[in-house]
Amino acid sequence: MFITFEGIEGSGKSTQLKKCEEFLTKKGYPILVTKEPGGTDLGKTIRNWLLNPETTFHHRYSELLLFIADRCEHVESIIKPALSEKKIVLCDRFKDSTLAYQYAGRQGDKTLIYSLNNLVTIDPDITLLFDCRIETGLSRAKARAKLDRFEDENTAFHQRIQDMYHTLAKKHSDRFNIISTEDSIDNVFNKTISLLEEALHKKGYHES
Ligand code: TYD
């Protein structure tokens, strides 16, 4: 079972992922929690370069290629082995982030980005899209730390990302669930965990 958490900056997805991890671990589900970029040792180095506001790329597609390299290594060394052990993998961002950020956000070439994205052939069983207004998300991001290279982009960039997430959610309505995070952390968590548990039970996973 492969579950991804997606959303714009400050959407609250990482907070919810942490709470889901605690809850599902306590209940004895066999879970593995990971993230992109930065799910492997190589990925941690790639992540530092990608997020550092001082990084300047000289080629239009260097950023995209680093995300793809991070994902290829992550999938082969962490995600696929965990799935073959029947673990429930919870991943903070995945292929939908590349479509939202590098295709819609950066306005890269569609054919190129889709074909590079498809170097990784697995797709999530379920995607939880944490959704809030861009202003809400950015004010949360500003309150928690210095803005990274993506958070520091202009509003039009964030708007293109959010629009793309909504488009993807419509296109892949079989796996996408939109959860509004314009609510308290606890209310959002209750919605998230009931969605997850229902999906896990359907797939035959039960607490132990
Ligand atoms: P992170 O701190 O994990 O962001 P957040 O807390 O919002 O999840 O940083 C990951 C950043 O990388 C985030 O701004 C989105 C961006 N990103 C892409 O642009 N493309 C991708 O394919 C992925 C996985 C992430």
Side-chain angles (χ1 to χ4, degrees), residues 2-18 20 32-40 42-52 55 57 60-76 78-79 89-110 112-132 134 137-138 140-141 147-154 156-173 175-179 181 192:
F2 182 28
I3 302 163
T4 56
F5 287 54
E6 295 280 356
I8 59 168
E9 306 302 326
S11 59
K13 73 183 161 43
S14 307
T15 305
Q16 293 300 326
L17 180 48
K18 186 99 207 76
C20 289
L32 176 104
V33 175
T34 188
K35 70 172 173 191
E36 291 191 358
T40 62
L42 170 68
K44 287 189 182 85
T45 305
I46 293 179
R47 179 184 172 88
N48 288 339
W49 282 95
L50 284 166
L51 266 57
N52 188 343
T55 298
F57 290 117
R60 173 164 192 222
Y61 289 120
S62 301
E63 176 185 290
L64 167 71
L65 293 168
L66 287 173
F67 278 115
I68 300 294
D70 169 75
R71 179 163 310 122
C72 288
E73 285 305 302
H74 186 213
V75 166
E76 296 305 321
I78 308 280
I79 298 181
V89 176
L90 306 181
C91 187
D92 194 338
R93 297 194 182 281
F94 196 61
K95 283 158 78 174
D96 297 307
S97 279
T98 304
L99 300 180
Y101 282 76
Q102 279 65 52
Y103 171 47
R106 299 281 190 229
Q107 303 181 292
D109 180 76
K110 185 172 185 179
L112 174 74
I113 294 177
Y114 273 78
S115 48
L116 285 173
N117 224 17
N118 288 334
L119 282 175
V120 160
T121 51
I122 59 168
D123 284 299
D125 298 296
I126 296 177
T127 298
L128 303 177
L129 174 58
F130 293 90
D131 196 39
C132 65
I134 290 163
L138 287 181
R140 285 179 188 151
L147 297 185
D148 68 32
R149 212 168 56 81
F150 293 92
E151 291 162 346
D152 209 15
E153 284 287 342
N154 61 31
F157 175 81
H158 296 295
Q159 189 63 60
R160 289 196 295 276
I161 290 166
Q162 184 169 58
D163 292 347
M164 186 62 180
Y165 271 132
H166 290 161
T167 302
L168 290 168
K170 265 195 209 127
K171 187 168 168 205
H172 304 288
S173 55
R175 69 173 164 93
F176 263 87
N177 295 276
I178 302 183
I179 299 169
T181 60
T192 306

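Around atom CD of E153, more than 12 heavy atoms belonging to other residues, nucleotides or ligands sit under 6.0 Å away.
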Side chain to side chain contact (heavy atoms under 4.5 Å, CB included) between E6 and F130: does it pass, once the steps are laid out? CA-CA 6 Å; E6 295 280 356; F130 293 90; over 6 Å; no
When you look at F157 and R106, which way does the side chain to side chain contact (heavy atoms under 4.5 Å, CB included) test go after all the steps? CA-CA 7 Å; F157 175 81; R106 299 281 190 229; 3.5 Å; yes
Test I79 against I122 for side chain to side chain contact (heavy atoms under 4.5 Å, CB included), laying out the working first. CA-CA 10 Å; I79 298 181; I122 59 168; 3.8 Å; yes
Applying side chain to side chain contact (heavy atoms under 4.5 Å, CB included) to H166 and D131, what does each step give before you reach the verdict? CA-CA 9 Å; H166 290 161; D131 196 39; 3.2 Å; yes
Starting from the C-alpha separation in whole Å, work towards a yes-or-no answer on salt bridge (charged side-chain N to carboxylate O under 4.0 Å, His left out) for R140 and E151. CA-CA 11 Å; R140 285 179 188 151; E151 291 162 346; over 6 Å; no
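Pairing each heavy atom of I161 with each of A100, the nearest pair is CG1-O, 3.3 Å. The minimum heavy-atom distance between F150 and L50, with the atom names listed, is CE1-O, 3.6 Å. The heavy-atom pair separating H74 from C91 by the smallest distance is CE1-SG, 3.9 Å. The two residues L129 and A169 make their nearest non-hydrogen contact at CD2-CB, 4.2 Å.
Between atom CD of residue Q107 and atom CZ of residue R60 there is a gap of 8.5 Å, rounded to the nearest 0.5 Å. Atom OG1 of T127 and atom CD1 of I3 lie 9.5 Å apart (nearest 0.5 Å). Summarising the geometry, atom SG belonging to C132 is positioned 12.5 Å from atom CD1 belonging to I179; distances are rounded to the nearest 0.5 Å. The distance from the CG atom of D70 to the CG atom of L65 is 12.5 Å, given to the nearest 0.5 Å.
Between E36 and S97, the side chains place no donor N or O within less than 3.5 Å of an acceptor N or O (distance only, hydrogens not considered). In summary, the side chains of Y101 and R93 do present a donor paired with an acceptor at a separation below 3.5 Å, with no hydrogens or angles considered. Between T181 and S11, the side chains place no donor N or O within less than 3.5 Å of an acceptor N or O (distance only, hydrogens not considered). Looking only at atom types and distance, the side chain of H172 has no donor-acceptor partner in the side chain of D96 under 3.5 Å away.
Side chain of D152 to main chain of D148: no donor-acceptor pair is present (N/O by atom type, distance under 3.5 Å, no hydrogens or angles). In this structure a side-chain-to-backbone donor-acceptor pair under 3.5 Å is missing from R47 to G38. R175 places no side-chain N or O within donor-acceptor distance of the main-chain N or O of I126, the cut-off being under 3.5 Å. Side-chain atoms of H158 do not come within 3.5 Å of backbone N or O of I8 as any donor-acceptor pair.
The side-chain contact (heavy atoms from CB on, under 4.5 Å) check on N117 picks up I68, R71, K95, T98, L99, with sequence neighbours excluded. Partners of K44 according to the side-chain contact (heavy atoms from CB on, under 4.5 Å) rule, which considers only residues two or more places apart in sequence or in another chain, are D41. Under the salt bridge (Lys or Arg N to Asp or Glu O under 4.0 Å) criterion, E76 pairs with K80, not counting sequence neighbours. Legend: residues meeting ring-ring contact (aromatic ring centres under 6.0 Å, His included) with F2, ordered by chain and number and at least two apart, are F94. For Y165, there are no ring-ring contact (aromatic ring centres under 6.0 Å, His included) partners two or more places apart in sequence or in a different chain. Residues satisfying the side-chain contact (heavy atoms from CB on, under 4.5 Å) criterion with D92, sequence neighbours excluded, are K13, S14, L17, K35.
Using a 4.5 Å cut-off on side-chain heavy atoms (C-beta onward), Y103 and L64 make no contact.
Residue L128 forms a side-chain contact (heavy atoms from CB on, under 4.5 Å) with just one option from T192, L90, T4, I178, and that option is T192.
Ion pairing between E63 and R149 holds under the 4.0 Å rule for side-chain N and carboxylate O.
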